[in-house]
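One structure is given below, encoded as structure tokens.
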Amino acid sequence: RFRVRAGARGAGGSGNGGHGVVCRVSKRPDFASSGQWEVVTESQGKQEAAVFDAVLVCSGHHTDAHLPLGSFPGLEKFEGCYLHSRDYKSPQPFMEKQVVVVGVGNSGIDIAVELSHAAKQVFLSTRHGSWVLHRVAESGYPFDFCYISRFMQLLQNLLPLSIISFFLERKLNARFDHTLYGLKPKHRVLHQHLTINDDLPNRIISGRVRVKPNIQEFMETSAIFEDGTREDVDAVVFATGYSFSFPFLEGFKVVENQIPLYKFMFPPDLEKPTLAFIGFVQPLGAIMPISELQCRWATRVFKGLQGLPPPTDMLAEITQTKQRMAERYVKSQRHTIQVDYIPYMDELACQLGVKPNLLTLFLTDPKLAMEVAFGPCTPYQYRLRGPGAWPGAREAILTQQQRVVRALQPQASGHPACSSAVPHILTVLFSIGMIAATLIYVSLSP
């Protein structure tokens, strides 16, 4: 079968080996029976149409820059330059200038940190603040390697979100006090998509980045902030996020940065399930393992090896998912495609029949079971069984910490790396004790 990976604004490619821009993807007249799509691409000024049995839309959700210029009075008279973070390429044009970065998402903080090495002064403007997670955890291991595990996810499922937030906020404040640094938001840490940066506190404490509230008004050569302070400004970088759209895809309309998709992949109202969206999620974790699982499921659906639920059931689940997101997250256009990493991966794995069976593993392979349960949840776990199983998955899981250590050490160490399950168990047992003590204290308090 042919495949097409469709992308907007020159990022597309056709499944027949071409490299043209995707102009239009539309149903064939006989779609109800064939499920086929007509894809029009353009290359060197010439358009070409081709028919495909299925389409994967992989253009992502960072397609259109969200630039709310109307929210900043006086910007029209500002004599300096301004741009969206999407157009930021290098700090060189801002050398020795006073720059305001608007927004404390991942792009905003990364740009502010980089600019602070070249600009005269960087002001980081935030409306609500943000919790900032660090990549480097205890002993120098990656944060997700230490904390994105099935056991940690089990604790999160069993305990109230407020208690999980309390412990995570304490951990983040132990690195730097978010109130002291002017970044603490009113919402809890798990009510937003986390911002990740290790360098920001160093740049703030050295004075190279100054945190400011929201901009109240622009003047010709300055900005007035909501706390009444006024700063001379040469340039503004708006790190105000993105909206998404699919102008090449006929019949699909995005409303308020939302589009109804079953499992964030399949439109529920197609006569034939031959269209799927890949990577159209925002997880706290790597997106590539998720995209790989999505592709594995989508191709099996395309081939007819698996079916989808009735449209009414899919619509009901879409509504429930939307409601859960609205209840948990701060209202924002960036919080319409949020997923939790392990639960969502497991949902996809259940559809494929590749979710690891911990009970069976503990009975048949305890060593592997310990690593799967307490170690980092890496994609190898979804290659242990079912379609696409890989004979090397077990060995890859058992040696994943050794590979992390080897990458950090230029020369072979004389001390072999220990199994990652052991420190995890100690950490988990301590965490359970602290949580139990907290619950007892709360229950006994008058």
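Here, residue 1 is the first one in the sequence, and each next residue gets the next number.
Looking at V233 and K97, their side chains never come closer than 4.5 Å, going by heavy atoms from C-beta outward. Y382 is listed as a side-chain neighbour of C377, based on a closest heavy-atom distance under 4.5 Å. Counting heavy atoms from C-beta on, the side chains of V100 and S125 come closer than 4.5 Å. The shortest side-chain heavy-atom distance between R208 and Q121 does not fall under the 4.5 Å cut-off. A 4.5 Å side-chain heavy-atom check between V281 and Y341 finds every atom pair outside the cut-off. A heavy-atom distance below 4.5 Å is not found between the side chains of H335 and M325. The shortest side-chain heavy-atom distance between E231 and S222 does not fall under the 4.5 Å cut-off. Between T195 and L200, every side-chain heavy-atom pair lies at or beyond the 4.5 Å cut-off.
Annotation: W297 is in aromatic contact with F266 [ring centroid separation under 6.0 Å]. Aromatic rings of Y242 and H62 (six-membered ring for Trp) have centroids within the 6.0 Å cut-off, being under it. In this structure, F244 has its ring center no closer than 6.0 Å to that of H61. Ring centroids of Y82 and F218 are separated by 6.0 Å or more, keeping the two rings apart.
The pair K263-E317 meets the salt-bridge criterion, with a side-chain N (NZ, NE, NH1 or NH2) lying under 4.0 Å from an Asp/Glu carboxylate O. For R383 and E292, the salt-bridge test passes: some basic side-chain N is under 4.0 Å from an acidic carboxylate O.
Classification of the Y344-F264 ring pair by plane angle, with boundaries at 30° and 60°, yields perpendicular. Using the six-membered ring where Trp is involved, F252 and W37 have ring planes that are tilted, between 30° and 60° apart. Using a 30° and 60° split on the angle between ring planes, H178 and F176 fall in the parallel class, below 30°. Using bins of under 30°, 30° to 60° and over 60° for the plane-to-plane angle, the ring pair F280/F277 lands in the tilted bin.
Panel note: side chain S90, backbone Q92; a donor-acceptor pair is recorded below 3.5 Å. The backbone N or O of R135 lies less than 3.5 Å from a partner atom in the side chain of D198, making a donor-acceptor pair. When atom types are taken as modelled, the side chain of T336 and the backbone of N257 share a donor-acceptor pair closer than 3.5 angstrom. A donor-acceptor pair is defined here as one N or O able to donate and one able to accept, closer than 3.5 Å; no such pair exists between the side chain of E38 and the backbone of K27. In this structure a side-chain-to-backbone donor-acceptor pair under 3.5 Å is missing from R296 to L348. The main-chain N or O of R188 is never found under 3.5 Å from a side-chain atom of S165 such that the two would form a donor-acceptor pair.
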Note to self: Before you tell me yes or no, could you show the steps for N197 and D110 under side chain to side chain donor-acceptor pair (under 3.5 Å), namely the whole-Å CA-CA distance, both residues' side-chain angles and the distance that decides it to 0.1 Å?
What the structure shows: CA-CA 7 Å; N197 192 281; D110 286 349; 2.7 Å; yes

Margin query: Does L133 form a side-chain contact (heavy atoms from CB on, under 4.5 Å) with F143? I'd like the steps, not just the answer.
Written below: CA-CA 9 Å; L133 183 70; F143 192 94; 3.5 Å; yes

Next item on the list: Show your working on ring-ring contact (aromatic ring centres under 6.0 Å, His included) between F72 and F78 and close with a plain yes or no.
Entry: CA-CA 11 Å; F72 299 94; F78 178 60; over 10 Å; no

Next item on the list: Test side-chain contact (heavy atoms from CB on, under 4.5 Å) on I204 and V211 and set out the steps.
Entry: CA-CA 8 Å; I204 293 176; V211 179; 3.7 Å; yes

Check: Could you go step by step and tell me if R24 and E42 meet the salt bridge (Lys or Arg N to Asp or Glu O under 4.0 Å) rule?
Finding: CA-CA 10 Å; R24 187 177 72 253; E42 182 175 335; over 6 Å; no

Next item on the list: Could you walk me through whether H193 and N106 pass the side-chain contact (heavy atoms from CB on, under 4.5 Å) test, one step at a time?
Entry: CA-CA 10 Å; H193 182 72; N106 287 290; 4.1 Å; yes

Next item on the list: Test side-chain contact (heavy atoms from CB on, under 4.5 Å) on E226 and E217 and set out the steps.
Entry: CA-CA 8 Å; E226 289 183 348; E217 183 182 5; over 6 Å; no

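With D346 as reference, R150 is the one residue of Q351, R150, Q153, Q381 to meet the side-chain hydrogen bond (donor to acceptor under 3.5 Å, both in side chains) rule.
With rounding to the nearest 0.5 angstrom, the OH atom of Y181 is 3.5 Å from the CD1 atom of I205. Taking CG from N173 and NZ from K184, the interatomic distance works out to 6.5 Å, rounded to the nearest 0.5 Å. The structure places CD1 of I342 at 6.0 Å from OG of S149, a figure rounded to the nearest 0.5 Å. Atom-to-atom distance recorded for L168:CG and L190:CG is 5.5 Å, nearest 0.5 angstrom. The OG atom of S243 lies 13.0 Å from the CD atom of Q258; values are rounded to the nearest 0.5 Å. Atom OG1 of T378 sits about 8.0 Å away from atom CZ of R403, to the nearest 0.5 Å.
Counting all heavy atoms, side chain and backbone alike, H134 lies closest to K171 at CE1-O, 4.5 Å. Taking both residues in full, the closest heavy atoms of A298 and M265 are given as CB-CE, 4.0 Å, listed atom of the first, atom of the second, then distance. E114 and P91 make their closest contact through OE1-CD, 3.6 Å (heavy atoms, listed as atom of the first residue, atom of the second, distance). Closest non-hydrogen pair, I148 versus L284, comes out as CD1-O, 3.6 Å. Nearest heavy-atom pair, Q47 versus C23, reported as atom, atom and distance to 0.1 Å: NE2-SG, 3.9 Å. Listed here is the closest heavy atom pair of F302 and A54: CD1-CB, 3.5 Å.
Looking at E371 and Q400, their side chains do bring a donor and an acceptor atom within 3.5 Å of each other. Defined by atom type and a distance below 3.5 Å, a donor-acceptor pair is present between the side-chain atoms of Y141 and Q401. Between D64 and S245, the side chains place a donor N or O and an acceptor N or O closer than 3.5 Å (distance only, hydrogens not considered). Looking only at atom types and distance, the side chain of Q98 has no donor-acceptor partner in the side chain of D234 under 3.5 Å away. Using a 3.5 Å distance cut-off with no hydrogens or angles, the side chains of Q338 and Q282 do pair a donor with an acceptor.
Within 6.0 Å of CZ in R328 there are more than 12 heavy atoms belonging to other residues, nucleotides or ligands. Summarising the local packing, NZ of K322 is surrounded by 12 or fewer heavy atoms from other residues, nucleotides or ligands at distances under 6.0 Å.
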